[in-house]
Every structure is written in structure tokens, then in C-alpha cells.
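All residue numbers refer to positions in the sequence shown, counting from 1. Since this is a predicted model, take the numbers as computed values, not measurements.
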Amino acid sequence: MLVAALAVGTAGCAASSASGSRHAMYDSLDSLARDSSVIVVGSVTGQREESSAGFTSTISTVDVTNTPTNPSLGSNTEPTPVAVGDVIQVRQDGAEPSVLHAGQEYLLYLTPSMLPGDEAAHFFITGAVAGAYVRDGDQFTRVAIESGDDLPDTIDVAGAEG
């Protein structure tokens with residue numbers, strides 16, 4: 001299993017307004033990792049929409065190619081084992097369009113869905129959009145700069161070459 005350490009690259013933090021209402025706003029990758037049960041690098045290979053009780057969810061299928069670590073990972077939650085080669089489901093609920101797109105590679109900080117039945121194996125992006133970075137050349141770039149979080153705009157991941 002390839003395990004890489006996260007290293008902040010040429011990172012600037014954008015001053016921006018909050019996007020929606022959330023339990024926590026994040027001021028560092030460590031704080032994001034504390035609330036995450038796993039960090040993955042993977043490509044979205046498909047997406048589907050599901051509706052239930054008038055509520056729409058986008059579920060993205062992600063092929064995991066790396067599982068970076070952070071010393072703070074899972075401090076506030078139970079870590080979830082995910083391995084290179086696993087295929088996971090990442091949910092985004094609500095009216096806003098998905099920040100994940102088929103064919104793109106992402107660095108994702110994730111938490112378990114805690115939903116019943118088969119959906120219990122699904123994940124949510126930590127902080128709704130805070131924990132999502134899309135590959136941009138040799139780096140990963142935040143997908144939601146204006147989320148209100150004070151996180152680095154870009155991340156280099158050792159061992160995550162594509």
C-alpha cells in the first residue's frame with residue numbers, strides 16, 4: 001500500500017465568504033484531518049443521482065489510487081480503512097451541483113455517511129466542500145475557494161504522481 005504524507009505547497013489562503021451553513025469551518029489541513037476518517041486520492045469514474053423524499057443526492061464512484069495520511073487523521077472520529085484499489089461511493093446532498101466530476105482526479109478528506117443500509121458504506125466530503133481538491137498538474141487545488149475555510153489553495157502530495 002502506498003502511503004504518502006501531505007505537504008502544503010505554494011499555498012495562499014483566500015479570504016472569502018461562507019458558503020452555506022456548516023458545523024465547522026476549517027483553518028488548517030490538520031483541523032480538516034481531525035474531522036476526517038480517511039484521506040484518499042482517486043478518480044471519479046461515474047456518477048448517478050438519487051432522489052428520496054424530495055431530496056436529491058449525487059453519488060460519485062471513486063477509484064482509490066492513494067491513501068495519504070496526516071498525524072491528526074481521525075482524532076475526532078473513528079478512522080475508516082480504505083486501501084489503494086478500493087472503489088468507494090462519495091455522496092453530495094442538496095440542491096447545489098456536485099463539486100466532483102467524472103473523469104477528474106481528486107484529493108478528498110472524507111467522513112462516513114452514517115446512513116442506514118447499503119448507504120452506510122458511502123462517504124461525505126468533510127466540511128461539505130472544504131475537503132475536496134482537484135488535480136491540477138503536479139498539485140491539487142481547492143474546488144471551493146469561497147467556502148469560508150482558511151485552507152491552502154494548493155496541496156502537493158508526495159507519492160501521488162499521476
Atom CG of N76: over 12 foreign heavy atoms under 6.0 Å: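 Above 12, so yes.
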Going by atom types only, do [X] and [Y] share a side-chain donor-acceptor pair under 3.5 Å?
X: T45; Y: T61; value: no
X: S28; Y: D30; value: no
X: R91; Y: S60; value: no

Pairwise distance OG(S57) to CG(D93) - rounded to 0.5 angstrom: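 Output value for this atom pair is 3.5 Å.
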Check against side-chain hydrogen bond (donor to acceptor under 3.5 Å, both in side chains), S98 and T58: CA-CA 7 Å; S98 174; T58 301; 5.1 Å; no
Pair E119-Q89, side-chain contact (heavy atoms from CB on, under 4.5 Å): steps then yes or no: CA-CA 9 Å; E119 295 172 341; Q89 305 296 310; over 6 Å; no
Other cluster members, F124 - Ile/Leu/Val/Met/Phe/Trp/Tyr, side-chain contacts below 4.5 Å: L115
What I'd like to find out is whether the side chain of [X] reaches to under 4.5 Å of the side chain of [Y], using heavy atoms alone.
X: L100; Y: Q47; value: yes
X: L107; Y: P68; value: yes
X: T141; Y: V143; value: no
X: I125; Y: Q92; value: yes

Contacts of type side chain to side chain donor-acceptor pair (under 3.5 Å), residue D63, not counting sequence neighbours: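 For D63, no residue satisfies side chain to side chain donor-acceptor pair (under 3.5 Å) once neighbours in sequence are set aside.
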Test log, rule side-chain contact (heavy atoms from CB on, under 4.5 Å), inputs D35 and Y26: CA-CA 10 Å; D35 285 352; Y26 295 97; 2.7 Å; yes
